[in-house]
Amino acid sequence: MPGPVLDRRLLLQLGGAAGLLAACTPAAPGPAPSATAAPSWSPPAQPMAFPAGFVWGAATSAFQVEGSTTADGRGPSIWDTFAARPGTIRDGSTGDPAADHYRLWESDLDLIKDLGLPAYRFSVAWPRIQPTGSGRVNQAGVDFYRRLVDGLLTRGIHPAITLYHWDLPQPLQDAGGWAVRDTAERFGEYAAIVFDALRDVDATWLTINEPKTTAFVGYRWGSHAPGISDVDQAAAAVHHQLLGHGRAVSAFRAGGGAGGIGIALNLIPVYPVDRGADPASVRVDAVENRLFLDPVLLGTYPDDAIGREAGQLPADRDAFEALVQDGDLDAISAPLDHLAIQYYGVTGVDDAGNQVPIYPTSAATWQQVHPEGLYDLLMDLLIDYPDAPPLVITENGIPDPTPEGSTDDPERREFLRAHLQQAARAIGDGVQLTGYYAWSLLDNFEWAEGMTQRWGLVRVDFDTQERTPKASAQWYSSVVRANAVAPS
Ligand code: FCB
């Protein structure tokens, strides 16, 4: 079980993994490092190289790019329902046409190839495969993803395939969604259908994208689909998504599919604003990170995540524990081939357990930008979960500063550069990181922000659907070709 966050950071400041043994002597008392102190590390003057075979790519998700939400037998998802409700999406957009990728997929794959990206991460829309979330398979939906995968393979691009990126079939929500156990079982069946259809494909499979966001933003705060504000349903959604993940891993192993499987967790380094905030920040770390990492990697839930103390998830702990049946944690902690990390930034925590800003935010106000946090996160994982499988970063990025955006995007280039430097630094200090996918390939439907936040390497004119690579895409392309990131 990890110790106080601040102490873990102190260990790291004593020299990463190399300094770990030396640092395991009693921690020296002394002033707490200030979270806002000047960076303790500067990049070397020479380019930082990545290991041979490092996998570079860019990511999207089905609902955010595909559009065509009623085409070829697709059923409704919770995001169709949510976006149709007035006031839920900043600009009233609905995810259709989004970036029209369902129709433009071939030229989008050409674009990926032209940029020289060896890998592409996308998600499968469950309601295209099973329009009602269970039972009947919609062959037209299966065929779409078969064409997409074959299109990638013909172009020599490696597929990273997410099974669930938030577009739950609406009938499953009507039956309780992730707050009920049945959804985990349905997810396992859906996963088996997709594995069966693409069994021969050597893919990087991901079961569930960011179970934390679905549980907390979708079920606790209600600002994402399904728009529920109920902390106990949020806690239940944590367990049932993780159980669904376990069921999918089991289906993958049973089917003997090619490639490897993991889960995509959004993790966030948590920094106490001062020593008085240490206890609350440890609890926030439990809620934000260990509530997901511990069950998946260790087969246990942390005992400090749920409760009434500052920083905890204030759900009914007994009710949560009653959901966990015999065998669930074994299923959830079945060995993985990779652990996918999504990193956007950090948070400060005060003594009341509130998450507070300690670094500047991007146009996405939840994103406190701190590249060194990525290094801290990767090193924390190395220390706290030494038996974890190899890591892959499956999302990292920043929105354009304005809703109109621009193809001239120096902020994104510098963001990516700084984060890649920290990734290379962590690899040098012993972290097994095998790949990196920028978020996102294309400007797209950014959930409750609609089309007003542009996260793409490639600009999309939403009137004409014209694609134009931004300056950052050209820069990223040169990093990928060199397999190294230059200091400036
Ligand atoms: C992540 C989501 C992704 C995108 C980025 C900006 O949390 O997984 O779909 O919205 O944030």
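Every number for a ligand or one of its atoms is a count from 1 in the order of the listing.
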Review point. By salt bridge (Lys or Arg N to Asp or Glu O under 4.0 Å), which residues pair with E449, not counting sequence neighbours?
Key: R90

Check your understanding: Do T347 and Y271 pass the side chain to side chain contact (heavy atoms under 4.5 Å, CB included) test, and can you show the C-alpha distance, the side-chain angles, and the key distance before you say yes or no?
Key -> CA-CA 6 Å; T347 188; Y271 302 138; over 6 Å; no

Review point. When you measure from the centre of the six-membered ring of Y437, is the NZ or CZ of R121 under 6.0 Å away and within 45° of the axis?
Key: no

Practice item. Please name all residues satisfying salt bridge (Lys or Arg N to Asp or Glu O under 4.0 Å) with R417, sequence neighbours left out, ordered by chain then number. Key: E414

**Study point:** Candidate pair Q368 and T361, rule side-chain hydrogen bond (donor to acceptor under 3.5 Å, both in side chains), full reasoning
**Key:** CA-CA 4 Å; Q368 297 185 41; T361 62; over 6 Å; no

Study note, to complete from the structure: Residue set satisfying salt bridge (Lys or Arg N to Asp or Glu O under 4.0 Å) with D182, at least two apart, ordered chain then number -> R186

Check your understanding: Protein residues near ligand 1, heavy-atom distance below 4.0 Å?
Key -> Q64, H165, W166, N209, E210, Q342, Y344, E395, W439, E446, W447, W455

